[in-house]
Protein chains: 2
Amino acid sequence: MASDPAAEAWALLSQVFMANRAHFLRVGQQLDLHPMQFHALRLLEPGAAKSMRELADSLICDASNVTGIVDRLEERGLIERRAVAHDRRVKLLALTPAGEDLREQALSRMAEPPDQVRALPLEDQRALRDALQRVVAQLEETKPVGAAG
Amino acid sequence: MASDPAAEAWALLSQVFMANRAHFLRVGQQLDLHPMQFHALRLLEPGAAKSMRELADSLICDASNVTGIVDRLEERGLIERRAVAHDRRVKLLALTPAGEDLREQALSRMAEPPDQVRALPLEDQRALRDALQRVVAQLEETKPVGAAG
DNA sequence: TATTGTTATACTCTATAACTATA
DNA sequence: TATAGTTATAGAGTATAACAATA
């Protein structure tokens, strides 16, 4: 019965994670994006091209997998490989206009807070936001949970 | 610049989700559990057997996939298929003692709150917990985010 | 007729290892 | 030598469709 607010908060977060997984899969299906394709599109920000290697690290998978994932996105015209001048080994990945559009659709559907959050009293929404801001601020500083993102 | 605490809180949650994905993958690798095997083990609670169909719904995948996922867990001796008396079509899935052990290990590694949460001032931990409790309470009531178990 | 679980199929994701072309 | 990206391979997850057994 020892009170451990951190552990309790984390357990609650885990429950929200799993509801979020359902939402993620559903949005991906609506837009014909397999999970890793969705992640890749999410991680490629407009105007901030990434190399294959950087994308592999962000996706947390072996570099060899990225070839296929990028192939399929490129075939759909959502991203493109670009050469880089100073190192001819590297290929930079950039969103096409179509890719930016689809990314925006996907992210906006994910960004819409579920009704359960919207239904909270405004003061609870603010409390949640403020507490999470401190968690994320710590995340940015220390990065030990994972090298994601 | 219109303030929308719900949207802001949700955006912050998304960032935590992605750090959590890294952690989930890492724990799974440590225990030789592929992601869906990990999910299946998590969803099969000790003393609460589920049918293949129920597990498929909880995993949010087609029932045909569950055959293979369950096969691999059963080959490792972590779960077992059991017949049920009143309906001979159904197979109930139950954890073995080894499965309960591994599940406990996996969940306890996931349950350990990351340093970023532990590092919060106690009052922030409590605020986070209390706000999330209200989110999850809403989740239980309405279930529109996803049918995830 | 409808449902449970399985099989068959084709595609996507996954890590490992070996390869190429650069550096 | 080391690194970026690719290919080859084998195993795992995925949806669809068809099937046998049972309800």
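Each chain gets a letter, A, B and so on, in the order its sequence line appears, and its residues count up from 1.
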| query | Just how far, in rounded Å, is P of C/dT3 from CZ of B/R88? | reply | 20 Å
| Starting at NZ of B/K91 and ending at P of C/dT7, how long is that distance when rounded to a whole Å? | 8 Å
| message | Under 4.5 Å between side-chain heavy atoms, counting indirect links through other Ile/Leu/Val/Met/Phe/Trp/Tyr residues: same cluster for B/V136 and B/V117 or not? | response | yes
| What nucleotide, of D/dA15, C/dT12, C/dT7, holds the atom closest to the side chain of B/T67? | C/dT7
| task | Please determine, for the side chain of A/V90, which listed nucleotide (C/dT4, D/dA4, C/dA23) has the closest atom? | result | D/dA4
| task | Please tell me which of A/D71 and B/G68 maps to the more 5' nucleotide of DNA chain D, matching each residue to the nucleotide holding its nearest heavy atom. | result | A/D71
| said: As a test of reading the structure: which of D/dA4, C/dT6, C/dT12 is closest to the side chain of B/M52, going by heavy atoms? | reply: C/dT6
| remark: Among the nucleotides D/dG13, D/dT16, C/dA15, whichever has the atom closest to the side chain of B/D62 is D/dT16
| Carboxylate-amine/guanidinium proximity below 4.0 Å for A/R53 and A/D57 | yes
| note | A/Q29 CD to D/dT16 C1', in whole Å, measures 12 Å
| request: Write down the distance between CD (A/E75) and C1' (C/dC11), rounded to a whole number of angstrom. | output: 12 Å
| Separation of atom CZ in B/R72 from atom P in D/dA10, rounded to whole Å | 17 Å
| query | Nearest-Å distance, CD1 (B/I60) to C1' (D/dA15)? | reply | 15 Å
| query | Rounded to whole angstroms, how far apart are NE2 on A/H34 and C1' on D/dA12? | reply | 15 Å
| query | Hey, does B/E8 have a side-chain heavy atom less than 4.5 Å from the side chain of A/R126? | reply | no
| Side chain of B/S51 (C-beta onward), nearest among C/dG5, C/dT12, D/dT6 | C/dG5
| query | A/I69 has a side chain; which of C/dC13, C/dT7, D/dT6 sits nearest to it? | reply | C/dC13
| request: Answer with base, sugar-phosphate or nothing: what part of the nucleic acid does A/D87 contact at a heavy-atom distance below 4.0 Å? | output: sugar-phosphate
| Got a salt bridge between B/D71 and B/R81, using NZ or NE/NH1/NH2 to carboxylate O under 4.0 Å? | yes
| task | Please examine the side chains of B/L95 and B/L41, heavy atoms only from C-beta on, and report whether any two atoms are closer than 4.5 Å. | result | yes
| Of the nucleotides D/dA17, C/dT12, C/dA15, which has the atom closest to the B/S64 side chain? | D/dA17
| remark: Between A/C61 and A/A85, whichever has its closest DNA chain C nucleotide further toward 5' is A/C61
| field | Integer-rounded Å distance: C/dT22 C1' and A/L92 CG | value | 15 Å
| said: With a cut-off of less than 4.0 Å, is there a side-chain N or O of B/R81 near OP1 or OP2 of C/dT6? | reply: yes
| query | Hey, what's the ring geometry for B/F24 with B/F38, parallel, tilted or perpendicular (30° and 60° as the breaks)? | reply | parallel
| query | Does B/Q37 make a side-chain N or O approach to OP1 or OP2 of D/dG13 shorter than 4.0 Å? | reply | yes
| request: Classify the side chain of B/R89 and the base of C/dT3 as holding, or not holding, a donor-acceptor pair under 3.5 Å. | output: yes
